[in-house]
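A short worksheet on the structure shown next.
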Amino acid sequence: MSYTSGYVPVEEATVLIDTSRMNQVLEINTEDMFVTVEVGCSWKKLHDSLKNTGLRTPFWGPLSGMHATVGGSISQSSVFFGAGLFGASADSVVSMQVVLANGDVLSTGSAAQKNGTPFFRHFGPDLTGVFTCDTGALGVKATITLRLMPEYKSMRHVSYDFDNYEAQIKALSEIARKNLAAQMFGTDPGLGQVRAQRDSLLNDVKALGGVLSASGSVLGAVKQGAKIALAGRRVVKNASYPIHANIEERCDAAADEVALQVEAICRRLGGKKIENSVPAIVRANPFNPLNNMVGPQGERWVPVHALLPHSKVLESVKMTEAIFEKYQAAIEKHNIITGFLFTTVSTNCFFMEPLWFWPDELNELHRATVEAGVLAKQKGFPANLEARAAVTAMRNELVQAFSEMGASHLQVGKEYIYKEGLKPESYALLAAIKQVVDPKRRLNPGCLGL
Ligand SMILES: Cc1cc2nc3c(=O)[nH]c(=O)nc-3n(C[C@H](O)[C@H](O)[C@H](O)COP(=O)(O)OP(=O)(O)OC[C@H]3O[C@@H](n4cnc5c(N)ncnc54)[C@H](O)[C@@H]3O)c2cc1C
């Protein structure tokens with residue numbers, strides 16, 4: 001599900017390893033509080049396996065978790081569910097087993113000790129960290145152990161709308177700095193319109209079922225359900241710069257208090273409370289079919305992203321808008337839609353995702369992933385190389401500009417500027433590690449510039 005060519009070969013005669021049958025949850029250890037999975041296990045399967053245990057992993061999946069695997073997400077890091085409080089996917093890992101190029105199987109964390117088990121990450125220098133976010137350039141992960149923690153069952157879902165992105169971004173940053181939301185996201189009018197067009201009534205009804213079954217009380221469920229049915233579509237269509245947040249706490253009093261704190265921040269910055277149907281639906285149905293991977297009429301979609309300190313977000317959005325402006329003629333000519341998605345990672349990181357939709361033909365991956373019923377109703381488009389080239393040019397300019405701003409990235413793969421952007425001493429150490437674990441450069445050549 002990644003889109004930065006991480007798994008795309010750059011050499012002839014390449015072997016691709018498909019981990020989809022390595023999909024077992026191997027051990028749920030409720031005494032020592034860890035769970036070990038085979039790398040091809042999806043986040044949805046892990047989530048389902050932990051149901052009824054009262055436990056979860058701190059980070060518990062990207063929005064693509066129906067298909068995205070624990071192995072893929074740890075190999076490049078991912079954000080979303082749980083990331084607001086507990087950081088990215090790599091931050092939840094305790095230990096791994098990694099197959100090196102010569103066939104050695106390396107254990108990391110406390111399991112690196114001869115008599116050890118995978119209960120803790122740090123025993124000497126962080127060998128686990130060396131292999132997270134390597135996009136597979138340093139070894140093939142076979143199993144991954146993640147920390148377990150209790151589920152926070154008291155939830156509140158809140159949405160606020162702002163009339164400009166400056167206030168929206170300030171509110172997201174402030175909520176993040178105060179560590180209030182389990183996960184949250186913001187969209188702009190461009191993305192809001194696209195989502196509103198795509199979501200069918202049927203999806204609403206299906207999603208509503210999830211909200212109802214996830215709701216504690218029958219009365220609460222009915223009230224919530226009725227509100228969503230009436231307001232769901234309208235909320236998405238009318239909202240201009242909304243923030244949707246899930247608050248998850250240990251008890252109702254704490255959840256109410258945190259919701260009040262979020263409200264105070266949003267109101268101070270000019271936010272208006274709107275129906276909370278979007279965050280309620282997202283939280284109740286976390287891992288849906290990935291129909292969002294294409295636009296409402298079967299347009300192509302591609303994002304690019306930057307991980308930024310809060311202080312650089314506004315500058316970065318303005319810079320992105322300037323690039324969109326520069327390409328305005330091409331955007332209009334080819335019916336390209338631009339948009340933004342924002343989220344945050346723990347207290348100290350803002351995730352900004354500019355994205356594009358444009359009329360162009362879908363490929364095999366889209367057809368294998370998007371539900372057939374959804375594809376069948378879409379108009380679809382023939383190949384549109386000119387539009388694709390315009391989007392690629394904008395995306396490349398942004399990648400360059402993000403590097404100049406000192407942004408970090410998830411899924412570095414073969415597209416973000418890594419080698420050229422790193423200080424020489426740092427890159428030299430990484431290259432030296434590669435030389436030890438894969439001296440003949442057999443593993444995923446080209447990733448991380450290695
Ligand atoms: C609709 C949609 C929504 C998305 N939502 C999110 C989101 O909410 N948050 C987010 O962060 N991302 C999101 N993504 C991006 C993507 O889904 C994530 O990056 C996800 O983590 C990719 O997982 P995967 O299993 O598909 O990895 P892949 O794309 O298969 O692989 C990713 C990289 O890891 C390497 N790799 C995979 N398995 C191993 C292994 N066992 N050992 C070593 N290297 C390995 C691959 O070579 C590749 O470089 C989304 C994508 C789509 C299409």
Side-chain angles (χ1 to χ4, degrees), residues 1-10 14-23 37-46 59-84 87-90 93 96-101 106 130-144 183-185 195 198 282 286-295 300-305 307 341-345 349 351 353 355 357 365-366 368-371 409-416 418 437-438 443-448 450:
M1 292 298 105
S2 62
Y3 34 76
T4 49
S5 307
Y7 56 80
V8 179
V10 293
T14 293
V15 175
L16 274 168
I17 302 171
D18 178 353
T19 63
S20 57
R21 283 190 294 145
M22 292 176 67
N23 63 358
V37 299
E38 292 182 327
V39 283
C41 177
S42 69
W43 290 98
K44 177 173 170 23
K45 181 165 182 181
L46 173 58
F59 172 86
W60 54 277
L63 287 159
S64 51
M66 178 175 252
H67 296 286
T69 63
V70 176
S73 300
I74 300 303
S75 297
Q76 55 182 18
S77 212
S78 283
V79 297
F80 200 66
F81 288 111
S89 60
V93 182
M96 316 196 253
Q97 285 187 311
V98 187
V99 182
L100 303 182
L106 180 92
V130 170
F131 293 92
T132 61
C133 314
D134 72 335
T135 55
L138 299 180
V140 181
K141 291 162 199 76
T143 68
I144 294 180
Q183 56 272 331
M184 61 178 166
F185 66 98
R195 292 278 180 264
R198 184 196 57 86
V282 168
F287 301 126
N288 287 311
L290 298 192
N291 300 328
N292 279 345
M293 148 187 236
V294 301
R300 290 283 293 269
W301 159 80
V302 74
V304 66
H305 74 265
L307 300 172
L341 180 73
F342 302 125
T343 185
T344 58
V345 190
C349 177
F351 173 99
E353 185 174 88
L355 44 90
F357 292 90
L365 182 66
H366 298 115
T369 311
V370 176
E371 286 176 301
H409 302 283
L410 309 165
Q411 54 169 323
V412 174
K414 303 185 182 86
E415 291 189 10
Y416 289 109
Y418 187 72
V437 294
D438 180 20
L443 290 176
N444 215 343
C447 262
L448 306 179
L450 288 163

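The basis for the numbers below is simple: all heavy atoms, side chains too, and nothing from hydrogens, waters or symmetry mates. Quick caveat, the model's predicted, so the values are computed rather than measured. One-based numbering, in listed order, for ligands and for the atoms of each.
Ranked by closest heavy atom to atom 18 (C) of ligand 1, the top entry among Gln411, Met66, Gln76 is Gln76. For the residues Ser42, Gly72, Pro9, the heavy atom positioned nearest atom 37 (C) of ligand 1 is part of Gly72. The option from Asn292, Leu341, Thr135, Val294 that lies nearest to atom 46 (C) of ligand 1, judged by heavy atoms, is Thr135. Among Asn444, Val412, Val302, Val140, the residue whose heavy atom sits closest to atom 47 (O) of ligand 1 is Asn444.
Between Thr19 and ligand 1, no pair of N/O atoms sits closer than 3.5 Å. Checking only distances, Leu63 does come within under 3.5 Å of ligand 1, N or O to N or O. Taking only nitrogen or oxygen atoms, main chain and side chain alike, His67 does not reach within less than 3.5 Å of ligand 1. In terms of polar-atom proximity, Asp134 is not counted as a contact of ligand 1, lacking any N or O under 3.5 Å from an N or O of the ligand. Note: no N/O pair closer than 3.5 Å links Tyr3 and ligand 1 by distance alone. Of the N or O atoms in Ser2, one or more lie within a sub-3.5 Å distance of an N or O in ligand 1. Between Pro62 and ligand 1, no N or O atom pair is found at a separation short of 3.5 Å. For ligand 1, the polar-atom distance check finds an N/O of Met1 within less than 3.5 Å of one of the ligand's N/O atoms. Between Lys141 and ligand 1, a contact under 3.5 Å exists for at least one N or O pair. Taking only nitrogen or oxygen atoms, main chain and side chain alike, Thr69 reaches within less than 3.5 Å of ligand 1.
Among the candidates Phe287, Phe81, Phe59, the single residue satisfying the ring pair (Phe, Tyr, Trp, His ring centres under 6.0 Å) test with Trp43 is Phe59.
Atoms of ligand 1 found under 4.0 Å from any heavy atom of Ser75, numbered from 1 in the order shown, are 34 (O), 35 (C), 36 (N), 39 (C), 40 (C), 42 (N), 43 (C), 44 (N), 45 (C). Close contacts between ligand 1 and Gly139 involve ligand atoms 43 (C) [criterion: under 4.0 Å to a heavy atom].
No part of Ile17 comes within 4.0 Å of ligand 1, judged by heavy-atom distances. Residue-level proximity to ligand 1 for Trp301 is carried by the side chain, the only part with a heavy atom below 4.0 angstrom.
Taking CG of Leu448 as the reference point, atom CG of Asp134 lies at 6.5 Å (rounded to 0.5 Å).
A tilted orientation is assigned to the rings of Phe357 and Trp301, their planes being inclined by 30° to 60°.
Not a single donor-acceptor pair under 3.5 Å links the side chain of Thr135 to the backbone N or O of Cys447.
For CG of Leu365, the number of neighbouring non-hydrogen atoms (other residues, nucleotides, ligands) closer than 6.0 Å is greater than 12.
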